[in-house]
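Here is the structure we will look at.
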Amino acid sequence: MQQVIGIDLGGTAIKLGRFTADGTCLQSLTVATPQPATPAAVMMQMVDAIAQIDPDNQTIAIGVGTPGPADATGRIAKVAINLSGWHDVPLADWLEAKTGKPTILANDANCAGLGEAWLGAGRHFQNLILLTLGTGVGGAIILDGKLFVGHQGAAGELGLITLNPNGSMCNSGNQGSLEQYTSVTAIRRRTGKEPAELGALAQAGDAEALSFWQEYGRDLGIGLTSLIYVLTPQAIIIGGGISASFEFFLPAVQAEIEKRVLPTSRLGLQILPAELGNSAGMAGAAKLAMTLSAVKH
């Protein structure tokens with residue numbers, strides 16, 4: 001049975017998995033991201049880890065999720081957030097030269113979306129979006145079962161849509177983006193607390209925390225309204241660390257969407273928590289590698 005490697009490259013850790021075509025993860029491995037995470041150091045660490053996870057050289061392709069946009073052909077890491085010196089790094093070429101295996105890259109949130117669509121909360125839907133609520137807010141769009149990356153490969157930056165034109169400045173240059181209301185950073189700024197702490201307080205019935213999550217859900221729901229009108233997905237999957245408090249903000253999200261979105265645009269829409277946790281990116285990268293091997297053979 002064909003096997004591929006999925007790699008999730010992060011600022012602190014590199015996660016690798018060896019997968020079969022039916023989505024079984026035969027083996028996984030996590031190694032530390034070298035510091036400083038220069039392109040050459042990261043590549044050597046990856047090559048070493050690939051040799052460990054595939055000692056008998058059984059895999060036929062490699063997929064890599066990188067923290068930032070890849071080009072439309074999936075060859076070049078354009079920039080990588082939190083990694084030093086990453087600008088237009090031809091990572092796919094480098095890995096192919098070192099391993100002899102066809103390699104493809106994609107943005108890590110896109111990989112997480114593919115992973116959830118393949119093996120997680122999105123597996124019953126052809127049209128869905130994933131929103132990852134973490135340090136920042138990332139996203140992925142799956143249309144007709146395929147990842148939508150847009151003209152230059154950078155589509156799906158769902159966290160950067162405008163929520164409030166006069167809101168806080170965003171690194172993107174936008175003001176009051178959805179990310180400025182729904183990321184971990186935004187929660188810290190608004191409350192002085194960590195999301196996990198607010199989740200625990202809400203669990204214990206703390207009125208202030210419960211009311212915070214209601215406000216949070218309202219903001220998230222308003223942001224999702226714009227995305228629903230444009231994409232009319234069958235499902236919206238919510239991942240990232242903040243999704244641990246899904247039950248506390250979901251009712252407000254749903255109420256906002258019901259109020260603001262025409263019934264024709266949200267017929268049968270499901271809002272679901274992501275299922276794969278930290279392994280979504282690795283699984284999605286493997287799915288990418290599968291498509292590559294299908295093309296090559």
Exercise. Identify whether the distance between the nearest side-chain nitrogen and carboxylate oxygen of R75 and E96 falls below 4.0 Å.
Key: yes
Quiz item: How far apart are the C-alpha atoms of L201 and K193, what are their side-chain angles, what is the distance that settles it, and do they pass the side-chain contact (heavy atoms from CB on, under 4.5 Å) test?
Solution: CA-CA 11 Å; L201 285 166; K193 292 185 167 72; 3.9 Å; yes
Self-check item: L220 side chain near L131 side chain, heavy-atom distance below 4.5 Å
Solution: yes
Exercise. Determine whether I236 and L128 make a side-chain contact, defined as any pair of heavy atoms from C-beta on separated by less than 4.5 Å.
Key: no
Practice problem: Identify the two heavy atoms, one from A61 and one from A289, that lie closest to each other, and give their separation to 0.1 Å. | Solution: CB-O, 3.6 Å
Exercise. Dump the intermediate steps for side-chain contact (heavy atoms from CB on, under 4.5 Å) on T30 and M282, then the final yes or no.
Key: CA-CA 11 Å; T30 300; M282 192 172 72; over 6 Å; no
Quiz item: Roughly how far, to the nearest 0.5 Å, is CD of Q175 from SG of C170?
Solution: 10.0 Å
Exercise. Given side chain to side chain donor-acceptor pair (under 3.5 Å), test N174 with T162 step by step and report yes or no.
Key: CA-CA 7 Å; N174 195 2; T162 306; 3.1 Å; yes
Quiz item: How would you list, by chain and number, every residue that makes a side chain to side chain donor-acceptor pair (under 3.5 Å) with E256, sequence neighbours excluded?
Solution: K259, R260
Practice problem: With sequence neighbours excluded, tell me which residues meet ring pair (Phe, Tyr, Trp, His ring centres under 6.0 Å) with F246. | Solution: F249
Practice problem: Group every Ile, Leu, Val, Met, Phe, Trp and Tyr by side-chain heavy-atom contacts under 4.5 Å, then state whether I62 and V89 land in the same group. | Solution: yes
Practice problem: Side-chain contact test, heavy atoms from C-beta onward, threshold under 4.5 Å: evaluate it for L160 versus L178 and give yes or no. | Solution: no
Exercise. Considering non-hydrogen atoms only, spot the tightest contact between Y181 and S177 and give its length.
Key: CD1-O, 3.4 Å
Quiz item: Are the side chains of R189 and Q180 in touch, meaning some heavy atoms are under 4.5 Å apart?
Solution: yes
Quiz item: Going only through I, L, V, M, F, W and Y residues with side-chain contacts under 4.5 Å, is there a path from I237 to V230?
Solution: no
Self-check item: A92 versus G74, closest heavy-atom pair with distance
Solution: CB-O, 4.0 Å
Quiz prompt | Closest non-hydrogen atom pair between S245 and G199, with its separation | solution = OG-CA, 3.4 Å
Quiz item: Sub-3.5 Å donor-acceptor pair from the side chain of T99 to the main-chain atoms of K101, do we have one?
Solution: yes
Under 3.5 Å donor-acceptor pairs involving side-chain atoms of residues 261-276, not counting sequence neighbours:
from : atom 1 : to   : atom 2 : distance (Å)
R266 : NE     : V261 : O      : 2.8
R266 : NH2    : E258 : O      : 3.2
E275 : OE1    : R123 : NH1    : 2.9

Quiz prompt | side chain to side chain contact (heavy atoms under 4.5 Å, CB included) against N127, all qualifying residues, sequence neighbours excluded | solution = L143, D144, Q234
Practice problem: May I ask you to check whether over 12 heavy atoms, not counting those of N57, lie within 6.0 Å of atom CG? | Solution: yes
Practice problem: Kindly compute the distance separating CH2 (W86) from CG (L83), expressed to the nearest 0.5 Å. | Solution: 6.0 Å
Exercise. Give a yes or no on this: more than 12 heavy atoms of other residues, nucleotides or ligands lie within 6.0 Å of atom CG of D93.
Key: yes
Exercise. Treating Ile, Leu, Val, Met, Phe, Trp and Tyr as nodes and any side-chain heavy-atom pair under 4.5 angstrom as an edge, say whether V253 and L210 lie in one connected cluster.
Key: yes
Practice problem: To the nearest 0.5 Å, tell me how far L158 CG sits from L130 CG. | Solution: 8.5 Å
Quiz item: Are any of the side-chain heavy atoms of I5 and Q58 separated by less than 4.5 Å?
Solution: no
Practice problem: Compare all side-chain heavy atoms of D108 with those of T132 and state whether any distance is below 4.5 angstrom. | Solution: no
Practice problem: Report yes or no: does Q35 contribute a side-chain atom to a donor-acceptor pair with the main-chain N or O of T33 at less than 3.5 Å? | Solution: yes
Quiz item: Say you draw a straight line from CG of D8 to OG1 of T66; how long is it, rounded to the nearest 0.5 Å?
Solution: 9.5 Å
Self-check item: Residue pair A140 / A109: nearest heavy atoms and the distance that separates them
Solution: CB-O, 3.4 Å
Can you give me every donor-acceptor pair (side chain of residues 37-51, partner residue at least two apart or in another chain, under 3.5 Å) with its distance?
from : atom 1 : to  : atom 2 : distance (Å)
T38  : OG1    : A41 : N      : 3.4
Q45  : NE2    : A32 : O      : 2.8

Quiz item: When rounded to the nearest 0.5 angstrom, what distance separates CD in E116 from CD1 in I238?
Solution: 11.0 Å
Self-check item: Heavy-atom side-chain proximity of E197 to T191 below 4.5 angstrom
Solution: no
Quiz item: Out of L114, I141, T291, which residue meets the side chain to side chain contact (heavy atoms under 4.5 Å, CB included) rule with L147?
Solution: L114
Practice problem: Give the C-alpha distance, both sets of side-chain angles, the deciding distance and a yes or no for side-chain contact (heavy atoms from CB on, under 4.5 Å) between W213 and I187. | Solution: CA-CA 10 Å; W213 285 119; I187 290 177; 4.2 Å; yes
Self-check item: Minimum side-chain heavy-atom gap I129-I142 below 4.5 Å
Solution: no
Quiz item: Is there a chain of hydrophobic side chains (I, L, V, M, F, W, Y, each step under 4.5 Å between heavy atoms) that links F212 to V184?
Solution: yes
Residues 11-27 side chain polar contacts: donor-acceptor under 3.5 Å, at least two apart:
from : atom 1 : to  : atom 2 : distance (Å)
R18  : NE     : I53 : O      : 2.8
R18  : NH1    : Q3  : OE1    : 2.8
R18  : NH2    : Q27 : OE1    : 2.9
T20  : OG1    : D22 : OD1    : 2.5
T20  : OG1    : T24 : N      : 3.3
D22  : OD1    : T24 : N      : 3.1
D22  : OD1    : T24 : OG1    : 2.8
D22  : OD2    : T24 : OG1    : 3.4

Quiz item: How long is the span from the CD1 atom in I104 to the CG atom in L292, to the nearest 0.5 Å?
Solution: 5.0 Å
Quiz prompt | Closest approach of P36 to S84 (non-hydrogen atoms, all atoms of both residues) | solution = CB-OG, 3.6 Å
Quiz item: Do I7 and I76 sit in the same hydrophobic cluster, where Ile, Leu, Val, Met, Phe, Trp and Tyr count as joined when their side-chain heavy atoms come under 4.5 Å apart?
Solution: no
